Novice: 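There's a structure below that I have some questions on.
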Amino acid sequence: MTEIEQPSAPFRLVYVPGVTPTKWLRVWGERLPDVPLELVQSTPVDGHALLLSGGADAGLVRLPVDRTVLSAIPLYTETTVVVFPKDHWLAAAEEVGVADLAEEIVFHPQDDVLEWPDGLPGRPAFERPATTGDAIELVAANVGVLAVPQSLARLHHRRDLTYRTLSDVPQSQIALAWPEEATTDLVEEFIGIVRGRTANSSRGRAATEPTKKQPAAKKAAAKAARSQSQPGARQQKPRPGQRAATTRQGQAKKGRKR
């Protein structure tokens with residue numbers, strides 16, 4: 001009975017809203033075509049929990065993370081922007097400062113990914129929207145403005161809204177994170193991909209695969225060549241047919257000399 005080959009278990013990658021892992025997926029597919037990469041989308045706050053519960057092998061998440069149980073490599077820092085209606089007076093500015101928001105209602109959604117140690121700029125809303133998406137709806141209704149990482153402003157893009165860079169405020173960092181006790185070969189492979197290592201320099205599975213064995217005929221030829229090149233090597237005895245031919249050739253040469 002023919003044994004059916006079982007497919008490889010997928011490498012599960014969790015990612016939070018705003019992150020675009022497309023370029024890394026393409027490289028993964030080129031280097032490990034036999035290992036599927038499964039994307040797991042999470043809310044802004046659930047990415048860490050999925051990693052700790054075993055729901056994903058690695059994740060593209062926002063810092064900070066719990067470094068006592070998770071390893072993390074910071075990848076890039078996002079620009080913070082302020083979102084407002086296109087006809088808002090802030091649209092005339094190329095860049096907005098904190099002081100410009102002093103009289104504006106600034107929403108603070110419950111899933112906010114920015115930390116505000118000095119407090120949110122502007123005036124607080126009566127209540128906090130549940131999600132960033134809900135806050136965007138309120139901004140579109142011209143109730144207030146919203147400060148978010150630029151990737152989230154693009155994710156929730158609307159034709160009636162625009163945004164400008166918000167200076168001198170906290171920013172969000174994206175990192176590759178994974179459980180510290182589960183640093184597998186596939187995790188190492190993905191680390192190499194996001195860091196831009198080539199396939200040969202990666203520390204993962206692709207770099208450690210054994211080289212193919214040489215065919216037996218090539219091995220035998222190489223061994224014979226080595227033995228002939230060694231000093232004092234024994235010459236191979238001719239076969240019986242070869243010996244008779246050599247003898248006749250010698251006798252013919254002697255006859256010509258006479």
Side-chain angles (χ1 to χ4, degrees), residues 13-22 39-53 55-56 59-66 70 72 74-175 177:
L13 179 70
V14 64
Y15 68 104
V16 295
V19 176
T20 307
T22 308
L39 288 178
V40 181
Q41 188 171 14
S42 78
T43 65
V45 296
D46 289 341
H48 304 170
L50 276 170
L51 291 172
L52 294 175
S53 66
L60 297 168
V61 298
R62 296 185 185 274
L63 294 178
V65 299
D66 187 351
L70 292 176
L75 299 178
Y76 58 89
T77 301
E78 287 199 73
T79 299
T80 301
V81 300
V82 56
V83 183
F84 46 80
K86 281 188 174 180
D87 58 356
H88 197 281
W89 70 270
L90 289 173
E94 292 186 359
E95 185 175 287
V96 176
V98 173
D100 296 323
L101 303 180
E103 299 301 320
E104 300 292 330
I105 293 177
V106 180
F107 294 113
H108 190 196
Q110 295 178 28
D111 63 356
D112 189 10
V113 298
L114 297 172
E115 295 185 346
W116 302 93
D118 298 326
L120 199 68
R123 297 161 49 203
F126 288 110
E127 60 181 23
R128 296 181 63 182
T131 66
T132 298
D134 293 336
I136 289 288
E137 294 294 331
L138 292 172
V139 173
N142 209 12
V143 178
V145 300
L146 175 67
V148 290
Q150 187 172 2
S151 66
L152 291 182
R154 289 174 175 171
L155 180 66
H156 296 283
H157 170 72
R158 290 176 52 126
R159 292 184 179 180
D160 54 346
L161 300 180
T162 188
Y163 60 83
R164 295 289 186 273
T165 299
L166 185 59
S167 60
D168 301 323
V169 292
Q171 295 177 313
S172 176
Q173 272 191 303
I174 300 297

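What's counted below: heavy atoms across the whole structure, side chains too, no hydrogens, waters or symmetry copies. Everything numeric here is computed off the predicted structure, so don't read it as measured data.
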Novice: Mind checking the OG1-NE2 spacing from Thr162 to His157? Nearest 0.5 Å is all I need.
Specialist: 8.5 Å
Novice: Determine whether Glu78 and Ser151 satisfy the following criterion, side-chain hydrogen bond (donor to acceptor under 3.5 Å, both in side chains), listing intermediate values before the conclusion.
Specialist: CA-CA 8 Å; Glu78 287 199 73; Ser151 66; 2.7 Å; yes
Novice: Please find the pair of heavy atoms, one from Gln110 and one from Ala130, that lie closest to each other, and give the distance.
Specialist: CB-O, 3.5 Å
Novice: Going from NE2 on His88 to CG on Asn142, what distance comes out if it is rounded to the nearest 0.5 angstrom?
Specialist: 6.5 Å
Novice: Hey, are the side chains of Asp112 and Phe107 touching, using non-hydrogen atoms and a 4.5 Å cut-off?
Specialist: no
Novice: Determine whether Glu104 and Phe84 satisfy the following criterion, side-chain contact (heavy atoms from CB on, under 4.5 Å), listing intermediate values before the conclusion.
Specialist: CA-CA 10 Å; Glu104 300 292 330; Phe84 46 80; over 6 Å; no
Novice: Between Gly59 and Leu51, what is the shortest heavy-atom contact and its length?
Specialist: N-CD2, 3.7 Å
Novice: Report the C-alpha separation of Leu161 and Lys86 in whole Å, then their side-chain angles, then the decisive distance to 0.1 Å, and conclude whether the side-chain contact (heavy atoms from CB on, under 4.5 Å) test is met.
Specialist: CA-CA 5 Å; Leu161 300 180; Lys86 281 188 174 180; 5.8 Å; no
Novice: First locate atom CG of Leu63, then atom NE2 of His48, and finally report the distance between them rounded to the nearest 0.5 Å.
Specialist: 7.0 Å
Novice: Stepwise, does the side-chain hydrogen bond (donor to acceptor under 3.5 Å, both in side chains) test hold for Thr132 with Asp111?
Specialist: CA-CA 7 Å; Thr132 298; Asp111 63 356; 3.0 Å; yes
Novice: If you count the non-hydrogen atoms of other residues, nucleotides and ligands that lie under 6.0 Å from CG in Asp160, is the total more than 12?
Specialist: yes
Novice: Out of the candidates Val82, Thr165, Asp100, Val81, only one should pair with Glu95 under the side chain to side chain contact (heavy atoms under 4.5 Å, CB included) rule; please name it.
Specialist: Thr165
Novice: If we ignore hydrogens and angles and just use 3.5 Å, is the side chain of Arg164 paired with the main-chain N or O of Ala93 as donor and acceptor?
Specialist: yes
Novice: To the nearest 0.5 angstrom, please state how far the CG atom of Leu90 sits from the CG atom of Leu101.
Specialist: 6.5 Å
Novice: List the atom of Pro109, the atom of Leu146, and the distance in Å for their closest heavy-atom pair.
Specialist: CD-CD1, 3.6 Å
Novice: If you round to the nearest 0.5 Å, how far is CG of Leu75 from CD of Gln173?
Specialist: 9.0 Å
